[in-house]
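Worksheet: one structure, shown below.
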Amino acid sequence: HVQLVESGGGLVQAGGSLRLSCAASERTSSIYTMGWFRQAPGKERDFVAAIRWGGDSTYYADSVKGRFTISRDNAKITVYLQMNSLKPEDTAVYYCAFANTIRIPTLEKEYDYWGQGTQVTVSS
C-alpha cells in the first residue's frame with residue numbers, strides 16, 4: 001500500500017507562487033504515474049497535472065497550462081507542483097495521487113492511492 005504525504009500549501013496573493021511536494025512511501029513498479037488533483041468548495045475533484053515515471057511524459061489541464069509545472073525526483077519518489085501566476089480560482093485543496101499504469105490518467109477513478117490533501121488559498 002503506497003502512502004503519499006503532501007506538503008507546501010498555504011496562503012498567497014494573486015500573482016504569487018507556491019510549490020507543492022508529494023512523497024511516496026514506495027514504488028510498485030518501474031513505470032507508474034503520479035499526479036495532482038484539486039477540489040474547490042462545493043465542486044468536484046478535478047485533474048491538474050500528472051507525470052509518468054520511466055519516460056518523463058507530462059500532461060496538464062488547460063486551466064493551468066503555462067503556469068504550473070510538474071516535476072519529479074526519482075531517488076526520493078517525490079513529485080512537485082510548481083505553481084506560478086496564481087489566481088483566486090486556483091484556491092482549492094490539492095491532492096496527490098498515484099496510479100499503477102503506463103498511461104497518464106486524468107480521471108479520479110484511475111488512480112490507486114491518494115494523499116490527504118493540502119490547502120492552497122489565493123487571495124485577490
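As the structure is a prediction and not an experimental result, all values here were calculated from the model.
Between Ala97 and Tyr111, the shortest heavy-atom contact is CB-CD2, 3.4 Å. In terms of heavy-atom proximity, Ala14 sits nearest to Ser124 at CB-CA, 4.3 Å. In this structure, Gln116 and Val5 approach most closely via the heavy-atom pair OE1-CA, 4.1 Å. Smallest separation of non-hydrogen atoms from Thr58 and Ile70: CG2-CG2, 3.8 Å. Across all non-hydrogen atoms, the minimal contact from Leu81 to Ala49 is CD1-CB, 4.2 Å. Scanning all heavy atoms of the two residues, the minimum distance from Ala61 to Phe47 falls at CB-O, 3.4 Å.
Counting only N and O atoms by type, the side chains of Gln119 and Thr121 include a donor and acceptor under 3.5 Å apart. For the 3.5 Å distance criterion, the side chains of Ser85 and Arg67 fail to qualify, holding no donor opposite an acceptor.
Atom CG of Asp90 sits about 7.5 Å away from atom CE of Met83, to the nearest 0.5 Å. Rounding to the nearest 0.5 angstrom, the gap separating the CG atom in Leu86 from the OG atom in Ser123 is 10.0 Å.
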Take Ile102 and Arg52 through the test side chain to side chain contact (heavy atoms under 4.5 Å, CB included) and record every step on the way to the result. CA-CA 7 Å; Ile102 195 173; Arg52 184 175 64 195; 4.3 Å; yes

Pair Gln82-Leu18, side chain to side chain contact (heavy atoms under 4.5 Å, CB included): steps then yes or no: CA-CA 6 Å; Gln82 178 66 43; Leu18 280 175; over 6 Å; no

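Two different hydrophobic clusters hold Tyr59 and Leu20 under the rule that ILVMFWY side chains link at heavy-atom gaps under 4.5 Å. In the hydrophobic cluster analysis, where Ile, Leu, Val, Met, Phe, Trp and Tyr join through side-chain heavy atoms closer than 4.5 angstrom, Val93 is grouped apart from Val79. Criterion: ILVMFWY side-chain heavy atoms under 4.5 Å apart, direct or through other members. Under it, Tyr60 and Val122 are part of a common hydrophobic cluster.
For Arg72 and Tyr80, the positive end is not near the middle of the six-membered ring at less than 6.0 Å and at most 45° from its axis. The cationic atom of Arg38 (NZ for Lys, CZ for Arg) does not lie both less than 6.0 Å from the six-membered ring centre of Tyr95 and within 45° of the ring axis.
Residue Lys43 places its NZ atom among 12 or fewer non-hydrogen atoms of other residues, nucleotides or ligands, all under 6.0 Å distant. Applying the 6.0 Å contact sphere to CD of Glu26 captures more than 12 heavy atoms from other residues, nucleotides or ligands. Atom CD of Gln3 has 12 or fewer heavy atoms from other residues, nucleotides or ligands within 6.0 Å.
A heavy-atom distance below 4.5 Å is not found between the side chains of Thr33 and Trp53. Looking at Phe68 and Asn84, their side chains never come closer than 4.5 Å, going by heavy atoms from C-beta outward. Between Ile104 and Ser57, some side-chain heavy-atom pair lies under the 4.5 Å cut-off. Within the 4.5 Å cutoff, side-chain heavy atoms of Arg45 are placed close to those of Trp114.
For an aromatic pair to be called close, the ring centres must be under 6.0 Å apart, and Tyr32 with Phe98 satisfies this. If you look at Trp36 and Tyr94, their ring centroids are not closer than 6.0 Å.
Checking side-chain atoms of Thr78 against main-chain N and O of Lys76 turns up a donor-acceptor pair under 3.5 Å. Between the side chain of Glu6 and the backbone N or O of Cys96, at least one donor-acceptor pair lies under 3.5 Å.
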